[in-house]
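Down below is the structure, laid out as structure tokens.
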Amino acid sequence: MKASCPACGGSTACGDPTGLRKDEQRILELANVDMEELIRMTQIREPLWLPSLNNSSFSVVLNEEEYLRKFPSDFALRTTAQKSEGSLAVAAVRMSPIKLAEILLDVDQWSTVFACIVARATMVEILSTGVGGTRNGAMQVMNAEFQVLSPAVRTRESPFVRYCKDYGGGILAVVDFSPDSLHPSALGRCRRRPSGCLIKEMSNGYSEVK
């Protein structure tokens, strides 16, 4: 069977397998809005983030009601029957922000490093490799199957856009989000609201990641 492009019905060689290029400016605007949401979420504490009440490896979890109050969206109105999850952790990693960003943007390295939560991942389309030879502005469409290492929990497959932004001063951020136009039928099963990490360079060769 010959693969076809979901955007136009023709060959995948058409260069727009996701149909996002025709609305690239809108996707970039959405990426920047979601990036700012991610940054704000890393700066807010209670009541947005509450202490975990179970034995989770994450010390704080997302307060869904407070999240919807601070970050209202049309999507929230359509997911009342779905379960929402969110958590926050902070760690020091012996690696530069740029190197960490490269791992996150390389689907093979990312799925290998995070094999405990990523069952498999594929690169669907690269919308931008970055500006001026850097990873600032890099944006790509990925598809991943996320897992919890327990036979009682099913894997979750999700298509999403990953966007990288360099804020200068040794600070990088990478955000994932699922625009409505990206395979809307799949989004009904699992959708990634703005999530990712803020990476800050430290003076000792480590990076703070949250």
Side-chain angles (χ1 to χ4, degrees), residues 28 30-64 66-71 84-119 121 123 126-140 142 144 146-149 158 160-178 192-210:
L28 180 59
L30 182 59
N32 282 304
V33 169
D34 287 347
M35 178 67 80
E36 290 308 309
E37 178 177 317
L38 173 70
I39 299 300
R40 285 182 60 196
M41 290 181 69
T42 65
Q43 297 170 340
I44 301 173
R45 291 296 181 260
E46 292 189 22
L48 180 64
W49 299 103
L50 300 176
S52 176
L53 299 179
N54 55 34
N55 294 324
S56 169
S57 58
F58 296 100
S59 58
V60 293
V61 294
L62 184 67
N63 179 341
E64 179 71 10
E66 183 67 13
Y67 171 79
L68 295 177
R69 189 182 71 81
K70 288 186 177 296
F71 305 101
S84 178
E85 299 172 343
S87 56
L88 174 68
V90 181
V93 181
R94 192 174 183 179
M95 198 175 294
S96 70
I98 294 177
K99 179 59 178 176
L100 282 169
E102 287 289 351
I103 291 175
L104 295 172
L105 292 168
D106 184 306
V107 67
D108 293 327
Q109 290 191 68
W110 174 61
S111 58
T112 298
V113 172
F114 295 93
C116 59
I117 61 171
V118 182
M123 179 74 72
I126 296 177
L127 300 175
S128 172
T129 57
V131 178
T134 71
R135 298 304 256 165
N136 182 37
M139 185 161 52
Q140 57 201 38
M142 304 169 67
F146 297 93
Q147 66 181 356
V148 175
L149 297 181
S158 174
F160 58 92
V161 175
R162 177 161 289 178
Y163 176 61
C164 178
K165 189 170 184 177
D166 189 339
Y167 285 88
I171 301 176
L172 283 168
V174 178
V175 66
D176 297 342
F177 62 98
S178 298
R192 292 179 73 78
R193 291 190 296 196
S195 58
C197 59
L198 178 65
I199 310 169
K200 295 182 179 181
E201 187 173 27
M202 302 170 70
S203 59
N204 57 0
Y206 283 71
S207 292
E208 179 192 72
V209 182
K210 64 168 62 174

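- In this structure Glu102 satisfies the salt bridge (Lys or Arg N to Asp or Glu O under 4.0 Å) test together with Arg135, sequence neighbours excluded.
- When side chains are defined from C-beta on, Leu100 counts as touching Val93, because their heavy atoms get closer than 4.5 Å.
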I'd like a table of donor-acceptor pairs (distance under 3.5 Å, sequence neighbours excluded) in which one partner is a side-chain atom from residues 43-50, with atom names and distances.
| from | atom 1 | to | atom 2 | distance (Å) |
| --- | --- | --- | --- | --- |
| Arg45 | NH1 | Thr42 | O | 3.1 |
| Trp49 | NE1 | Met41 | O | 2.9 |

Donor-acceptor contacts, no H, no angles, side chain residues 104-119, under 3.5 Å, sequence neighbours left out:
| from | atom 1 | to | atom 2 | distance (Å) |
| --- | --- | --- | --- | --- |
| Asp106 | OD1 | Asp108 | N | 3.0 |
| Asp106 | OD1 | Gln109 | N | 3.0 |
| Asp106 | OD2 | Gln109 | NE2 | 3.4 |
| Ser111 | OG | Val107 | O | 2.9 |
| Ser111 | OG | Asp108 | O | 3.1 |
| Thr112 | OG1 | Asp108 | O | 2.8 |

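- Contacts of Arg40 classified as salt bridge (Lys or Arg N to Asp or Glu O under 4.0 Å), with partners at least two apart in sequence or in another chain: none.
- The one candidate from Ser195, Cys164, Pro97 that meets the side-chain contact (heavy atoms from CB on, under 4.5 Å) condition with Val174 is Cys164.
- Taking the salt bridge (Lys or Arg N to Asp or Glu O under 4.0 Å) definition, one finds that Lys99 meets it with nothing, sequence neighbours left out.
- Across all non-hydrogen atoms, the minimal contact from Ser128 to Gly137 is OG-O, 3.4 Å.
- With hydrogens and angles ignored, the 3.5 Å screen pairs no side-chain donor or acceptor of Ser52 with any backbone N or O of Val61.
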Lys165 and Asn32: side chain to side chain contact (heavy atoms under 4.5 Å, CB included), yes or no, with the steps? CA-CA 9 Å; Lys165 189 170 184 177; Asn32 282 304; 3.4 Å; yes
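- Side chains of Leu38 and Leu198 form no contact here, defined as non-hydrogen atoms less than 4.5 Å apart.
- Listed by chain and residue number, Ser84, Arg193 satisfy the side chain to side chain donor-acceptor pair (under 3.5 Å) test with Glu64 (two or more places apart in sequence, or in another chain).
- Minimum heavy-atom separation, Lys210 to Val90: CB-CG2, 3.7 Å.
- For Val33, there are no side chain to side chain contact (heavy atoms under 4.5 Å, CB included) partners at least two apart in sequence or on another chain.
- Scanning for side chain to side chain contact (heavy atoms under 4.5 Å, CB included) contacts around Thr134 gives Asn136, with sequence neighbours left out.
- Here the shortest heavy-atom pairing between Ser207 and Glu201 reads OG-CA, 4.3 Å.
- Evaluation of the side chain to side chain donor-acceptor pair (under 3.5 Å) rule for Glu37 yields Tyr67 as partners, not counting sequence neighbours.
- Tyr206 pairs by the side chain to side chain donor-acceptor pair (under 3.5 Å) definition with nothing, not counting sequence neighbours.
- By the side chain to side chain donor-acceptor pair (under 3.5 Å) test, Asp176 is found to be paired with Arg162, Arg192, residues two or more places apart in sequence or in another chain being considered.
- In this structure Val131 satisfies the side chain to side chain contact (heavy atoms under 4.5 Å, CB included) test with no other residue, sequence neighbours excluded.
- Residues Ile39 and Ala173 share a closest heavy-atom pair of CD1-CB, 4.0 Å.
- Side-chain atoms of Ile103 and Met95, non-hydrogen and from C-beta on, do get closer than 4.5 Å to each other.
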